[in-house]
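Predicted, not measured: the structure shown is a model, and the values here were computed from it.
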Amino acid sequence: MKAKELQELLDFIAKSGLNKVNIETEEFKISVQRDPNTKHVTTMAAPVAHAPAPVAAAPAPVAAPAAPTAASEAPAGNYKPLKAPMIGTFYRSSGPEAPAFVQVGDMVEKGQVICIIEAMKLFNEIEAEESGRIVKALVDNATPVEYDQPLFLIE
């Protein structure tokens with residue numbers, strides 16, 4: 001991983017409000033952790049045994065932590081959560097002026113795009129995993145989401 005890519009990753013993690021992230025590939029292993037009471041990130045990077053060169057990075061400033069949401073609470077009834085497949089920034093529409101992909105009460109089909117998650121400047125369309133009716137939106141537009149965080153409840 002190049003220094004610029006590493007810095008972009010650290011900036012993204014800082015903006016997301018996450019306190020700890022571990023990433024491991026065939027080439028490297030990186031752990032990013034920050035103390036919620038400070039504004040700096042502690043980064044530890046180490047090459048995997050067969051990696052060609054070690055990776056190092058300087059601490060990066062971190063934005064204020066995001067407030068915890070009730071979205072992580074377990075859903076009740078016959079509702080199934082649609083969860084985030086990655087960390088990133090959640091968007092309900094394809095642009096600021098565009099209508100939301102889905103509204104509460106809408107019927108969705110399996111494979112239908114229901115939101116976008118931006119990760120590392122890539123916009124990933126998130127599709128419904130099953131057909132049903134959107135009962136509740138659990139995340140506000142343009143907010144950071146974590147891996148496996150419930151986004152919508154589908155009945």
Euclidean distance, [Y] [atom2] relative to [X] [atom1], rounded to 0.5 Å:
| X | Y | atom1 | atom2 | value |
| --- | --- | --- | --- | --- |
| Ile114 | Glu109 | CD1 | CD | 12.5 Å |
| Asn78 | Glu155 | CG | CD | 7.0 Å |
| Ile134 | Leu82 | CD1 | CG | 7.0 Å |

For [X] against [Y], the heavy-atom pair lying closest together:
| X | Y | result |
| --- | --- | --- |
| Ile154 | Val135 | C-CG2, 4.3 Å |
| Phe101 | Val113 | CB-O, 3.7 Å |
| Tyr91 | Cys115 | O-CB, 3.4 Å |
| Ser93 | Pro99 | CB-O, 3.2 Å |
| Gln149 | Pro144 | OE1-O, 4.3 Å |

Notebook entry, point to check: Mind checking whether Met107 and Val104 sit in one hydrophobic cluster, side chains of I, L, V, M, F, W, Y counted as touching below 4.5 Å?
Noted result: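 Met107 does not cluster with Val104.
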
Notebook entry, point to check: Under the 3.5 angstrom rule, does the side chain of Arg92 hit a backbone N or O of Asp140 as a donor-acceptor pair?
Noted result: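 No.
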
Item checked: Expected output: side-chain Thr89 to main-chain Thr143 donor-acceptor under 3.5 Å ->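 Checked: no pair found.
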
Next item on the list: Check Ile87, Leu151, Leu138 against Val145 for a side-chain contact (heavy atoms from CB on, under 4.5 Å) and give me the one that passes.
Entry: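 Among the candidates, only Leu151 passes.
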
Scan the side chains in residues 119-130 for donor-acceptor partners under 3.5 Å anywhere in the protein, sequence neighbours excluded, and list what turns up.
| unit_1 | atom_1 | unit_2 | atom_2 | d |
| --- | --- | --- | --- | --- |
| Asn124 | ND2 | Ile117 | O | 3.1 |
| Asn124 | ND2 | Leu122 | O | 3.3 |

